[in-house]
Amino acid sequence: MKIIIDSQDKISSMAASMIAEHAKAKPGCAMAFAAGRTTKKVYDALTAMNIKELAECKAFTVCEYGGLEAGDTRSCAYRLNEELYSKAGMTQIFTPNAENADKFDAEIEECGGIELAVLGIGTNGHIGFNEPATPYDSYTHTVLLTDKTKQMNAELFGGLENVPDNAVTMGLKTICESKNVILVAFGSEKAEIIHQLVYGKTSTYVPAAMLQMHMNMTLLLDDAAAEKIK
Ligand code: GLP
């Protein structure tokens with residue numbers, strides 16, 4: 001695992017440059033994008049670069065809340081469209097569907113696999129919405145969200161009681177089969193889980209720790225998120 005620590009602005013620019021390089025090196029490749037406050041900073045940096053090759057790439061949204069209407073402004077699909085897809089001119093967009101989860105993996109395969117997955121991390125170690133105790137060999141599947149994850153996202157929904165109970169997500173196996181992975185984390189509230197990601201056992205209780213075994217994994221951190229691994 002490669003680890004890079006710098007300011008939030010520099011990390012966001014570095015992550016954006018990595019995405020741009022893959023789009024240029026592998027025209028039309030498939031990429032997976034997670035929504036979140038952290039990755040939004042990366043997408044802001046990326047769209048400011050005006051990378052024309054991105055428009056040809058296929059975009060797979062890593063996960064989605066259950067029970068939201070199409071076009072709900074809180075959905076991952078809506079946010080990613082606003083923050084990245086529409087600004088970059090990307091039109092080949094794929095979103096996981098709880099009613100037909102297998103279809104998403106078939107679509108990934110048809111596109112030749114994910115060239116690059118861009119992830120954030122939950123304070124409980126979730127990636128996408130793969131919560132603790134998710135099996136390592138999971139493909140796209142539906143999940144019940146934990147209280148911790150719901151609390152993390154309560155602000156977006158105007159209160160804990162409004163956060164959906166379930167979601168659909170690329171599985172750990174789907175994510176780990178990506179040829180390249182970058183995971184971005186900012187802030188001291190992520191410091192403990194980043195320590196577990198880097199030094200912890202690869203137990204299913206810390207889903208992100210599975211990325212220790214990935215051959216092309218880059219962890220991008222600001223100083224606060226890195227404070228327990230220095
Ligand atoms: C959310 C999403 C993840 C995201 C993570 C971190 O619950 N399902 O895909 O990467 O948690 O989000 P944030 O960057 O807002 O802390």
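For the single chain, residues carry numbers from 1 onward in sequence order. Remember, it's 1-based here, ligands and their atoms both numbered in the order they're listed.
Ligand 1 lies under 4.0 Å from heavy atoms of Ala34, Ala35, Gly36, Arg37, Thr38, Cys63, Gly120, Ile121, His126, Gly128, Phe129, Met152, Asn153, Lys190.
To the nearest 0.5 angstrom, Asp222 atom CG is 8.0 Å from Ile11 atom CD1. Distance OG/Ser188 to NZ/Lys228: 9.0 Å, rounded to 0.5 Å.
A salt bridge is defined here as a Lys NZ or Arg NE, NH1 or NH2 lying under 4.0 Å from an Asp or Glu carboxylate O, and Glu83 with Lys87 fails to meet this definition.
With no hydrogens or angles considered, a side-chain donor-acceptor pair links Glu131 and Thr146 at under 3.5 Å. Side-chain atoms of Thr174 and Asp105 form a donor-acceptor pair, as typed in the model, at a separation below 3.5 Å.
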**Q.** Derivation of the side-chain contact (heavy atoms from CB on, under 4.5 Å) call for Phe33 and Val42
**A.** CA-CA 11 Å; Phe33 298 104; Val42 174; over 6 Å; no
